[in-house]
Engineer: 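Right, I'll just put the structure down here and ask away after.
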Amino acid sequence: MAGGSGAEQRDGAGFYAGLPVFDRFSRLTDPAIYTPLPDDWVLGLSDIVRSTAAIEAGRYKEVNAAAASVIAAVANALGNHDFPFIFSGDGASFALPSSQADLAREALAAVAAWVRDVFGLSLRVALVPVHEVREQGHDVRIARFAASPDVTYAMFSGGGLAYAEQAMKAGSYALEPAGPGTLPNLTGLSCRFDKIRSERGVILSLIVVPGADADAAAFNDLIGRLLSLAESKSGAGRPVPETGPRLAAPFTGFGLEARALGTQGSSRLATYARLAAQRLTAFAIFRLGRPVGSFDPVRYTRQLVDNTDFRKFDDGLRMTLDCTPALADRLEALLAEAQNQGIARYGLHRQDAALMTCFVPSPTRSDHIHFVDGAMGGYAMAAQALKPQAEP
């Protein structure tokens with residue numbers, strides 16, 4: 001499948017930055033908003049092996065942190081986070097020009113080593129050339145969705161990202177983790193908020209992908225109907241309240257954030273002491289609700305709500321919603337009917353709270369990003385319904 005010529009083959013950074021931005025999520029099935037990735041780009045992919053078992057053991061915070069660490073490590077290596085990526089709860093994917101393939105390879109290997117050493121989990125990582133995806137009959141097309149005036153998130157279509165993920169899980173394009181003690185740069189990765197309890201009754205994690213022989217128009221119509229229901233103000237809404245999530249006690253989640261700093265030896269105590277001081281100061285500032293220097297906690301909270309990544313499209317729809325049990329039932333009935341008709345496959349997971357993982361390179365800037373997943377397994381548990389029965 002042809003792709004990546006003319007204007008699309010411009011400098012890698014310029015390609016993504018130059019894409020048009022859409023701000024109506026309901027347009028996500030419109031082919032006109034997507035542009036083929038250049039042939040000489042690469043896809044970086046990751047996922048936690050046996051994530052379901054880890055989640056069932058109560059380690060969902062670690063699973064989410066491991067997935068978000070991929071995005072943080074690549075962003076810090078690049079020096080910015082304006083690149084296309086997808087957070088999927090127990091993994092993450094991204095795209096970069098081939099000129100940055102070595103950077104991507106090093107970041108993925110380092111994160112896999114860190115996840116192994118710190119959490120005792122296995123993070124599968126791979127790097128897949130886009131031109132090889134197209135040689136297999138799939139495309140990788142991309143769009144930019146403005147979640148707020150300050151943050152955009154990538155959307156993927158064409159089936160290529162899904163194909164690459166399947167190839168990774170089959171053992172192709174695998175990268176080996178780096179050696180013991182390798183530390184990625186995870187500056188800005190944090191989890192300082194309490195679980196976000198549902199205000200309507202259910203935190204619903206939802207994944208919908210096309211059926212094997214689905215008609216595109218029928219699938220797009222289904223997505224439109226789902227979004228229409230999900231955007232009904234009375235029955236559903238963002239999983240993050242307008243007032244923002246509640247800040248956890250100063251030392252809740254301290255261990256996770258401390259391990260993200262990755263210090264060793266004599267510098268560890270000094271680094272941990274600085275982190276403790278930062279967390280205590282932040283807790284006091286948010287409690288007071290008053291600006292300190294250039295930081296305004298009220299403005300930051302407003303930006304956090306707007307910037308949150310709670311819905312996305314990566315060859316399928318993913319959403320985390322706060323909804324009524326009645327609406328959850330209605331969505332499930334609609335999806336069950338669509339699955340029976342071969343239009344789509346789906347997975348749902350219901351829980352009573354959501355979990356937020358944050359990447360905040362600078363708290364005084366407005367482009368901090370926040371990932372939301374269900375607090376009791378979320379996307380990873382929803383995805384189980386999409387997997388073949390024979391897969392362990």
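Along the sequence shown, residues are numbered consecutively beginning with 1.
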Engineer: Side-chain donor-acceptor pairs under 3.5 Å in residues 186-196, sequence neighbours left out?
Structural biologist:
residue, atom, partner, partner atom, Å
T187, OG1, N185, OD1, 2.7
R192, NE, E257, OE1, 2.9
R192, NE, E257, OE2, 3.3
R192, NH2, E257, OE2, 2.7
D194, OD2, R246, NE, 2.9
D194, OD2, R246, NH2, 3.0
K195, NZ, Y60, OH, 2.8

Engineer: For the residue pair L317 and L28, establish whether any side-chain heavy-atom pair is separated by less than 4.5 Å.
Structural biologist: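 A side-chain contact under 4.5 Å exists here.
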Engineer: Under 3.5 Å, is there a donor-acceptor pair between the side chain of D117 and the main chain of P180?
Structural biologist: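 Between the backbone of P180 and the side chain of D117 there is no qualifying donor-acceptor contact (under 3.5 Å).
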Engineer: Taking D315 for the side chain and L161 for the main chain, is one N or O donor matched with an acceptor at less than 3.5 Å?
Structural biologist: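 Indeed, once roles are kept as given, a pair shorter than 3.5 Å links the two residues.
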Engineer: Quick one, F85 and V70 - any side-chain contact, counting heavy atoms below 4.5 Å?
Structural biologist: no
Engineer: Does R197 come within less than 4.0 Å of D352, counting only side-chain N to carboxylate O?
Structural biologist: yes
Engineer: Calculate, to the nearest 0.5 Å, the distance between atoms CD and CG belonging to E106 and L175 respectively.
Structural biologist: 11.0 Å
Engineer: Any salt bridge between D90 and R124, counting N to O under 4.0 Å?
Structural biologist: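 Looking at R124 together with D90, the answer is no, because their closest N to O distance does not fall below 4.0 Å.
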Engineer: With a 6.0 Å cut-off on the ring centroids, do F156 and F313 count as close?
Structural biologist: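 No; F313 has its ring centre 6.0 Å or more from that of F156.
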Engineer: Between R116 (side chain only) and A178 (backbone N and O only), is there a donor and an acceptor less than 3.5 Å apart?
Structural biologist: yes
Engineer: Could you tell me whether the side chains of S205 and Q351 share a donor-acceptor contact shorter than 3.5 Å?
Structural biologist: yes
Engineer: Under a 3.5 Å distance rule, please check whether T308 uses its side chain to pair with a backbone N or O of F310 as donor and acceptor.
Structural biologist: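 Not confirmed, T308 side chain does not pair with F310 backbone.
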